[in-house]
Amino acid sequence: MEGGASKDCEQSSVDATNTDEPSDAVKERSRDQRLAFPGDPKCVMCGRYGEYICDETEDDICSLECKRTLLSRISNSSRGGHTSLKKLPTVDECYYVKDGNDKTGSQSLPSDQSEVLRKRLGIHVKGNSVPAPILSFASCPLPQKLLENIESSGYEMPTPVQMQAIPAALTGKSLLVSADTGSGKTASFLVPVITYCANNSLQNSSNGRRPRAIVLEPTRELCIQVEEQAKMLGKGLPFKTALVVGGDPMAGQLYRIQEGVELIVGTPGRLIDLLTKHDIELDDIMIFVLDEVDCMLQRGFRDQVMQIFRALSQPQLLMYSATISPEVEKMAGTMVKDVTVVSVGKPNTSNKAVKHIAIWVETKQKKQKLFDVLMSKQHFKPPAVVYVGSRLGADLLADAIAVKTGMKALSMHGEKSMKERREIMQLFFMGECPVIVATGILGRGVDLLGVRQVIIFDMPNSIKEYVHQVGRASKLGEEGTAVVFVNEENKNVLPDLVELLRASSAPIPRELLNSQYTRSVASAGKGQKKRKQRY
Ligand SMILES: Nc1ncnc2c1ncn2[C@@H]1O[C@H](COP(=O)(O)OP(=O)(O)OP(=O)(O)O)[C@@H](O)[C@H]1O
């Protein structure tokens, strides 16, 4: 080893503020070394953090133990006829601490390493005995078939929210989780739900199969998407799902539940309708998921959600959203005791991968501005979603786009039948329609495959909905663009918008800064800037 010179030492001269790595003595054994984080050098022998360089071979190595093994392997192979020092293939997969199983059966990181990982990935946790984050799905006791399905879905590594929320949910405790739009929250609740259901299915019992978990979503589109993902991840397991949404005949949905399912995915209204008209056994529901929880606990949905919740026998409550306010946290605390709170990144901020282009445009000129964007080779990046505030507005604008630009444009809103809604989404996904004009129905949660541009034609009334709508332009950190039209009519949301644009380092139109509704936040920002420059 180069006189024990570690890469950390090299690093520390570049980044003196990096205090993540303890600079202690050279590690004697492989198990004393921490795991490799994404991007770290990996030990060629065991895959842990390759903190040192072996001076004989120039290989990354984690400890003296691995160095000895490496050198002995090389000398064995050279005795076998190889005269030169042969490089061993670099190990790609991470190795996990084998003897640190926690009570969920997960192979857990030691607590100091958990803290380093959380810090690096912006994971914050609040609660009692929160388990360590995981670095691979296989470090949790998931059914083998589920692990295979995860792999065939192309999920090589858990995303940060999955790293923390999956082991936390497997403890059986209730969770409140916030993470960016498009960060993989859906799988972070489906994986524990499927694990629970598959492990507890009564498929071979004389009592038949009964629902074990419910996932509530605010829109039918989101239900369809989540149920599809659940089916994909649960394939080959004793795990069946039922979709309970308005617009499809109730008889078919009821029949499916009576035939035996483990998971119900539905909207609150239709589920209550079904539960009040028919006798459905809910005693075995052990997990209740409120996706988009801030929306589900808002007036409009709250009473229905609470009605369903009260019909259950104190299930584990899993609550998720990209936008969670302190009020929602408080409400969640009244529903269940001892909630574990997990947040990834800065709560309630917009997805960093989305570039915001705010344009100040008077209402009368908005249509023309939209046509300009759609007809500009430079600015239009199809397929795109245009968000509007009303159903009629969606229909009229889609027609106007088709007439003015010659492009196929379809509207999407809650008045369309389920059949129409499915057909529109299919055309869009098949690439046969470059523009969809939608109400907020497509604003939350829906994974709009391939969409990298959204145009907010009518600014929503709350910055939270704006965050969800612009989130449709990116998933898993891929870059997207959000064009947003604003004017004085959006006065309620303008101050929040200025703050969000500033936090995203996006240009802020002069009219927006000078508006009477934003002057106070705008000048607060200016003050901060001046102070920074002076010191
Ligand atoms: N571990 C993973 N590896 C690769 N892709 C993943 C992984 N987890 C999820 N995905 C994919 O990332 C995309 C976004 O995930 P998902 O829809 O769950 O995001 P979300 O956090 O629920 O977003 P939103 O807040 O908008 O609902 C999906 O296409 C999903 O299949």
Side-chain angles (χ1 to χ4, degrees), residues 38 94 121-123 133-140 142 146-167 169 175-194 215-219 221-234 265 289-296 318-324 328 342-345 347-354 385 387 429 438 440-452 454 464-478 480 482:
C94 288
L121 299 175
I123 300 172
I134 49 161
L135 276 166
S136 89
F137 291 105
S139 2
C140 282
L142 309 180
L146 174 56
L147 284 173
E148 288 166 23
N149 294 341
I150 288 172
E151 199 180 325
S152 47
S153 303
Y155 299 2
E156 284 176 12
M157 266 196 82
T159 64
V161 64
Q162 292 164 357
M163 288 180 185
Q164 186 60 74
I166 292 175
L175 303 187
L176 179 64
V177 182
S178 65
D180 258 358
T181 51
S183 60
K185 293 188 290 298
T186 314
S188 79
F189 61 76
L190 283 180
V191 167
V193 161
I194 294 169
V215 174
L216 285 189
E217 299 284 348
T219 64
E221 278 63 31
L222 209 36
C223 287
I224 294 171
Q225 183 183 296
V226 169
E227 199 224 9
E228 268 169 17
Q229 202 174 340
K231 282 199 281 207
M232 185 177 78
L233 291 172
V265 182
V289 181
L290 293 179
D291 195 13
E292 309 295 344
V293 60
D294 53 329
C295 176
M296 301 306 256
L318 302 180
M319 300 166 279
Y320 288 74
S321 184
T323 48
I324 290 180
V328 172
V342 175
S343 63
V344 181
N348 301 322
T349 51
S350 158
N351 188 321
K352 280 192 221 62
V354 180
V385 180
Y387 285 103
F429 290 149
I441 195 176
L442 287 191
R444 274 183 181 252
V446 195
D447 185 4
L448 298 168
L449 307 170
V451 170
R452 291 294 167 266
V454 300
K464 274 194 308 182
E465 292 316 308
Y466 174 78
V467 166
H468 285 274
Q469 289 181 4
V470 301
R472 297 315 99 210
S474 161
K475 61 173 190 180
L476 299 178
E478 288 170 12

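Every number for a ligand or one of its atoms is a count from 1 in the order of the listing.
At the shortest separation from atom 19 (O) of ligand 1 among protein heavy atoms lies G184 N, 3.2 Å. Protein heavy atom at the shortest distance from atom 29 (O) of ligand 1 is D447 OD2, 2.5 Å. The protein heavy-atom contact nearest to atom 23 (O) of ligand 1 is G182 N, 2.7 Å. What sits closest to atom 30 (C) of ligand 1 on the protein, heavy atoms only, is Y155 OH, 3.5 Å. Ranking protein heavy atoms by distance to atom 13 (C) of ligand 1, first place goes to K475 CD, 3.7 Å. Here the protein heavy atom with the shortest distance to atom 8 (N) of ligand 1 is Q162 NE2, 2.8 Å. For atom 16 (P) of ligand 1, the nearest non-hydrogen atom of the protein is T186 OG1, 3.6 Å. Scanning the protein heavy atoms around atom 27 (O) of ligand 1, the nearest turns out to be G445 CA, 3.0 Å.
Not a single donor-acceptor pair under 3.5 Å links the side chain of Y387 to the backbone N or O of V470. Looking at K185, its side chain never comes within 3.5 Å of a backbone N or O of V161 through a donor-acceptor pair. Of the possible donor and acceptor atoms, one in the side chain of S136 sits under 3.5 Å from a partner among the backbone N and O of A138.
Residues meeting the salt bridge (charged side-chain N to carboxylate O under 4.0 Å, His left out) test with E148, sequence neighbours left out: K145. Partners of R472 under the side chain to side chain donor-acceptor pair (under 3.5 Å) rule, at least two apart in sequence or in another chain, do not exist in this structure.
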Step by step, would you call S321 with M296 a side-chain contact (heavy atoms from CB on, under 4.5 Å)? CA-CA 10 Å; S321 184; M296 301 306 256; over 6 Å; no
Checking side-chain contact (heavy atoms from CB on, under 4.5 Å) for the pair E151/F137: CA distance, chi angles, key distance, verdict? CA-CA 9 Å; E151 199 180 325; F137 291 105; over 6 Å; no
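Taking a 4.0 Å cut-off on heavy atoms, E292 registers as neighbouring ligand 1. Residue-ligand proximity: R444 is placed with every non-hydrogen atom at 4.0 Å or more from ligand 1. No heavy atom of D291 sits closer than 4.0 Å to any atom of ligand 1. A heavy-atom separation below 4.0 Å is found between S183 and ligand 1.
For E478, the CD atom sits in a packed shell: over 12 heavy atoms of surrounding residues, nucleotides or ligands are nearer than 6.0 Å.
Contacts between K185 and ligand 1, counted as non-hydrogen atom pairs separated by less than 4.0 Å, involve both the backbone and the side chain. Only the backbone of M157 comes within contact range of ligand 1, with a heavy atom under 4.0 Å; no side-chain atom does. Contact annotation: for T181 versus ligand 1, heavy atoms closer than 4.0 Å belong to both the backbone and the side chain.
Taking every heavy atom of both residues into account, T159 and L476 meet most closely at CG2-CD2, 3.7 Å.
Atoms of ligand 1 found under 4.0 Å from any heavy atom of D180, numbered from 1 in the order shown, are 21 (O).
Looking at E217 and Q225, their side chains never come closer than 4.5 Å, going by heavy atoms from C-beta outward.
With M319 as the partner, the side chain to side chain contact (heavy atoms under 4.5 Å, CB included) test is satisfied by one option alone out of L176, V177, D291, I324: L176.
Across the listed options H468, M163, R472, Q469, R472 owns the non-hydrogen atom lying nearest to atom 26 (O) of ligand 1.
Considering backbone and side-chain N/O of L476, none are found under 3.5 Å from N/O of ligand 1.
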